There are 2 protein chains.
Amino acid sequence: MEKRRQVKLEDVAALAGVSKTTVSRVLNNRGYLSEATKQRVHEAMEQLHYRPNAIARQLFTQKTNLVGLVFPTVNDPFFGQLEAGLDECLYENSYRTLMGNSQNNPQKEEQYLQLLLNHQIDGLIVGAHNQAMPDYLQTNLPIVSIERAVAPQIPVVASDNYRGGQLATQRLLDAGCQHIIHTNYPKDVMTTNQDRRKAYEDLMSQAGYPAITYEVNYDTPMEEKKAIFARLFDEHPEVDGIFADNDTNAGLIIQVAKARGRRVPEDLKVVGFDGADGTRILFPELTTVQQSIDQMAAVAVNLLEQQIAGQTNVESVTLPVTLLEGTTG
Amino acid sequence: MEKRRQVKLEDVAALAGVSKTTVSRVLNNRGYLSEATKQRVHEAMEQLHYRPNAIARQLFTQKTNLVGLVFPTVNDPFFGQLEAGLDECLYENSYRTLMGNSQNNPQKEEQYLQLLLNHQIDGLIVGAHNQAMPDYLQTNLPIVSIERAVAPQIPVVASDNYRGGQLATQRLLDAGCQHIIHTNYPKDVMTTNQDRRKAYEDLMSQAGYPAITYEVNYDTPMEEKKAIFARLFDEHPEVDGIFADNDTNAGLIIQVAKARGRRVPEDLKVVGFDGADGTRILFPELTTVQQSIDQMAAVAVNLLEQQIAGQTNVESVTLPVTLLEGTTG
DNA sequence: TTGAAAGCGCTAACAC
DNA sequence: GTGTTAGCGCTTTCAA
């Protein structure tokens, strides 16, 4: 493959009849320069279509302005909105975004992290939903975690999941449900979703009802998820309310329920969790607990900025949730 | 800010008692090396937790293994699935993904492109939906476009949009609709969506009906979109069928219609376009034209690979679409 | 089978 | 105001 010869600083210097230093100064607008020189250099740059080589600069400055994002997938209303928000906020702080979709595969997540680190990223925002917590996260690389406890010293941005779980469960209880079932990740998955379960269990216990949780992992294929929900209805035909830990599962559950002749909300009430914008457009009827997704993104970037600026003891942040009234629950 | 001193190749060399060259050779598995040496070097690397600096390597090799993605937003069922697919395919080809959400803002798109180019990316995949076609796209950087004609020499991966438009319109005609309205981008937006409109217009003309298109831009805020659709119903109360150029608009239209007391599909039939997985979960009732999104991603990466490998005359690819039977149309 | 030295493109002391 | 020079961490001729 032919290597295209790039216009470099030296070429600009030659054309403008100055030294590399001067061009560099013009480029970075540093130091004293005569207007005439600036002018000539700018002209030379234009003429040659000069574009500075970020790699070379990065090698020197040890700063890449790159932030890595590691999430299960971007193909999801919640993560999609979140990553779009992160990208936007990072952009405003003049960072570029390196995307890594781990597909909830621990091995892939590790590989991604390795690669991102090799790329000398300036920071990392993680929200992958698995247990892999490699010890190279123990570097002093600025890291922010979203909805997931990674390590003690890493700040977490999360919704008030316990409160969300309360809102959802209470809503179903208020609607008169007596047999409420919950869906969530397996207990060993270290995500803050577990707080939603905790709230559900506490409220059910207080109300004197049994708490039953069906476990569905993030990377469970869709058909398999449907099979699990079908089993739910087989094993618990008395179910009259379901608190799903995310809207996608809520949608799937409603599909399965309807296919079995259950009417929603007459025979079965369903409350979801997330309330992403995309979901609101396609499925506005869904009653759900809405997270402040855009705010999460903004806060996360802010916490990362703080760390990059050298601040230590960056505090975790919990954000409020609201119940969104639909017709399914 | 204190600069963390990184372990470098030289440190490994010192510890292993060999030269930098040797370590580099071990790293890249190149040249002849005695097993004993390899062993010692590997041990030293482990001991020091050595991680090669990709930036330094990139400066030399002029290859970053980075591919830029420029799309309007990742917060959308279609683009979300597409970018997730691209990221996955690129990952398999050992490329990392640099994300750029242009928000359909030409200025932001240009800035993104500049930044991506400065980062010395190895290739670019674009699907932004605006007219900005900067002439620095005329570099010999490998580029693939998705669903958008950028420049003659840049290969495009697109669905058979004309066929899709036919399928959708014909479906509505077959269902007995006589007043079918279409939504699409303004005519000057250079996207292949215009082929959907063309098909609609051709079929309407053949059937002897007038063709009416309401124009909605990608970046139109949601409330404004709703206002446009409300206007649609005001101006054309006789409408009995709508072919929306994407599922999100279809969803919005159905919301507006229902709010005005129209029953779908009894009073109004709606057919969308895209058929992304996420949409299928949340709104399975929607009749829509499904694009082969995952395949688009795979093909796009393949075309990019071809260009990176030095191949010229890379051909554009058109992919098939299918009508997905729902209950709304 | 291994090492010395030059250089990728840029920046920043330190001179003048 | 501007230039000289060294060096960021790595790879690769070329020589031994």
Side-chain angles (χ1 to χ4, degrees), chain A residues 1-42 44-45 48-66 115 117-122, chain B residues 1-42 44-45 48-66 115 117-122:
Chain A
M1 180 177 45
E2 195 193 337
K3 185 157 295 179
R4 56 173 185 271
R5 168 134 163 45
Q6 218 198 267
V7 178
K8 49 185 165 180
L9 196 133
E10 201 172 346
D11 304 323
V12 177
L15 182 60
V18 297
S19 76
K20 295 197 304 179
T21 315
T22 304
V23 179
S24 173
R25 285 204 181 104
V26 173
L27 211 53
N28 300 292
N29 205 16
R30 240 194 286 287
Y32 308 100
L33 295 165
S34 73
E35 275 307 320
T37 312
K38 274 194 203 170
Q39 191 62 33
R40 254 187 308 147
V41 171
H42 274 129
M45 289 204 223
L48 297 172
H49 296 288
Y50 173 68
R51 180 175 306 125
N53 183 327
I55 303 292
R57 180 180 288 163
Q58 287 163 15
L59 183 58
F60 187 90
T61 60
Q62 304 284 55
K63 200 169 187 310
T64 54
N65 286 311
L66 251 34
L115 279 159
L117 294 175
N118 286 356
H119 274 285
Q120 310 301 113
I121 49 172
D122 291 344
Chain B
M1 178 177 47
E2 192 194 340
K3 186 156 289 178
R4 60 172 184 274
R5 166 133 163 47
Q6 218 198 267
V7 178
K8 47 186 166 179
L9 196 130
E10 202 171 347
D11 304 321
V12 177
L15 182 61
V18 296
S19 75
K20 295 198 304 182
T21 316
T22 304
V23 179
S24 172
R25 286 203 181 104
V26 172
L27 211 54
N28 299 291
N29 205 14
R30 240 194 286 286
Y32 307 98
L33 296 165
S34 74
E35 275 307 319
T37 311
K38 274 194 204 170
Q39 190 63 30
R40 256 186 307 148
V41 172
H42 274 129
M45 290 203 217
L48 298 172
H49 296 289
Y50 172 68
R51 182 175 304 123
N53 183 326
I55 303 293
R57 180 180 287 164
Q58 286 164 14
L59 183 58
F60 187 91
T61 60
Q62 304 284 55
K63 199 169 190 304
T64 54
N65 286 310
L66 250 35
L115 279 158
L117 293 175
N118 287 355
H119 274 285
Q120 310 300 115
I121 49 172
D122 291 343

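Computed from a prediction, not measured in an experiment: that's the story for all the values here.
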Q: Report the distance from atom CD of B/Gln120 to atom C1' of C/dC8, rounded to the nearest whole Å.
A: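 The answer, rounded to whole Å, is 11 Å.
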
Q: So does A/Gln62 get a side-chain nitrogen or oxygen closer than 4.0 Å to the phosphate oxygens (OP1/OP2) of D/dG9?
A: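 True: A/Gln62 side-chain N/O within range (under 4.0 Å) of D/dG9 OP1/OP2.
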
Q: Residues two or more places apart in sequence or in another chain: which of them pass side chain to side chain contact (heavy atoms under 4.5 Å, CB included) with B/Glu10?
A: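 Partners of B/Glu10 by the side chain to side chain contact (heavy atoms under 4.5 Å, CB included) criterion, ordered by chain and then number, come out as B/Lys8, B/Lys20.
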
Q: Using a heavy-atom cut-off of under 4.0 Å over every strand shown, decide if B/Thr21 touches base, sugar-phosphate, or nothing.
A: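 Here B/Thr21 touches the bases of the nucleic acid.
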
Q: For B/Leu59, report the nucleic acid contact type (base, sugar-phosphate, nothing); a contact means any heavy atom under 4.0 Å.
A: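 Base, at least one base heavy atom under 4.0 Å.
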
Q: Any side-chain N or O of B/Arg30 less than 4.0 Å from the OP1 or OP2 oxygen of D/dT11?
A: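 So the side chain of B/Arg30 is outside the cut-off, no N or O lying under 4.0 Å from OP1 or OP2 of D/dT11.
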
Q: Return whichever of B/Val18 or A/Ala56 has its heavy-atom-nearest nucleotide of DNA chain C closer to the 5' end.
A: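 Its nearest nucleotide lies further toward 5', so the answer is B/Val18.
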
Q: Side chain of A/Thr22: nearest nucleotide among C/dT1, D/dT2, C/dT2?
A: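 In terms of side-chain proximity for A/Thr22, the closest of C/dT1, D/dT2, C/dT2 is D/dT2.
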
Q: Specify the separation, in whole Å, of atom CZ of B/Arg40 and atom C1' of C/dT2.
A: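 These atoms are roughly 11 Å apart.
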
Q: Counting only pairs under 3.5 Å, give me each side-chain donor-acceptor contact of residues 25-34 of chain A, with atom names and distances, residues two or more places apart or in other chains.
A:
| from | atom 1 | to | atom 2 | distance (Å) |
| --- | --- | --- | --- | --- |
| A/Asn28 | ND2 | A/Ser24 | O | 2.9 |
| A/Ser34 | OG | A/Thr37 | N | 3.1 |
| A/Ser34 | OG | A/Thr37 | OG1 | 2.5 |

Q: For B/Ser24, report the nucleic acid contact type (base, sugar-phosphate, nothing); a contact means any heavy atom under 4.0 Å.
A: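 Here B/Ser24 touches the bases of the nucleic acid.
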
Q: To the nearest 0.5 Å, what is the distance between CD (B/Gln58) and CD (A/Gln120)?
A: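 These two atoms lie 9.0 Å from each other.
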
Q: Write down the distance between CD (B/Glu35) and P (C/dT2), rounded to a whole number of angstrom.
A: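 Interatomic distance, CD of B/Glu35 to P of C/dT2: 10 Å.
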
Q: Could you spell out the base pairing of DNA chain C in dot-bracket, with Watson-Crick or G-U pairs whose two distances are under 3.5 Å, [ ] crossing and | to another strand?
A: ||||||||||||||||

Q: For B/Ser34 and C/dT2, is the shortest distance between a side-chain N/O and OP1 or OP2 below 4.0 Å?
A: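 Answer yes for this pair, as a side-chain N or O of B/Ser34 is under 4.0 Å from OP1 or OP2.
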
Q: Side chains of A/Val12 and A/Leu48: does their closest heavy-atom pair fall under 4.5 Å?
A: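 A/Val12 reaches A/Leu48 side chain to side chain.
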
Q: Under 4.0 Å between a side-chain N or O of A/Tyr50 and OP1 or OP2 of C/dC10?
A: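 For C/dC10, OP1 or OP2 has a side-chain N or O of A/Tyr50 closer than 4.0 Å.
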
Q: If I take atom CD1 from residue B/Ile55 and atom OG1 from residue B/Thr64, how far apart are they, to the nearest 0.5 angstrom?
A: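 Atom-to-atom, B/Ile55:CD1 and B/Thr64:OG1 are 9.0 Å apart.
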
Q: Compare the minimum distances between each of D/dT2, D/dC10, C/dT1 and the side chain of B/Thr37, then state the nucleotide with the smallest one.
A: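 It is C/dT1.
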
Q: For the pair made of NZ in A/Lys20 and P in C/dA13, what is the distance, rounded to whole Å?
A: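 It is 16 Å, rounded to the nearest whole Å.
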
Q: Do A/Glu35 and A/Lys38 come close enough that some side-chain heavy atom pair is under 4.5 Å?
A: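 Yes, at least one pair of side-chain atoms sits under 4.5 Å.
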
Q: Where is the tightest heavy-atom contact between B/Pro52 and A/Asn118, given as atom of each residue plus distance?
A: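 Looking at all heavy atoms of both residues, the shortest contact is O-OD1, 3.7 Å.
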
Q: Once you round it to whole Å, what is the distance between C1' of D/dT12 and CG of B/Leu9?
A: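 Taking atom C1' of D/dT12 as the reference, CG of B/Leu9 is at 13 Å.
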
Q: Please report, rounded to the nearest Å, how far the P atom of D/dT12 is from the CG atom of B/Leu27.
A: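 Atom CG in B/Leu27 sits about 11 Å away from atom P in D/dT12.
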
Q: For the pair made of CZ in A/Phe60 and C1' in D/dT5, what is the distance, rounded to whole Å?
A: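 After rounding, the reported distance stands at 12 Å.
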
Q: Where each residue is assigned the nucleotide of DNA chain D containing its nearest heavy atom, which of A/Gly31 and B/Val23 is assigned the position nearer the 5′ end?
A: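 Taking each residue's closest nucleotide, the earlier one in sequence belongs to A/Gly31.
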
Q: Would you indicate what A/Arg25 reaches in the nucleic acid, counting non-hydrogen atoms under 4.0 angstrom: base, sugar-phosphate, or nothing?
A: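 Contact class for A/Arg25: base.
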
Q: Tell me the interatomic distance from A/Glu10, atom CD, to D/dG3, atom P, rounded to whole angstroms.
A: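 The answer, rounded to whole Å, is 14 Å.
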
Q: Where is the tightest heavy-atom contact between B/Asn65 and B/Asp122, given as atom of each residue plus distance?
A: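 The answer is N-OD2, 2.6 Å.
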
Q: I want to check one thing: is the phosphate of C/dC8, taken as OP1 and OP2, less than 4.0 Å away from some side-chain N or O of A/Asn53?
A: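 For A/Asn53, the contact criterion (side-chain N or O under 4.0 Å from OP1 or OP2 of C/dC8) is not met.
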
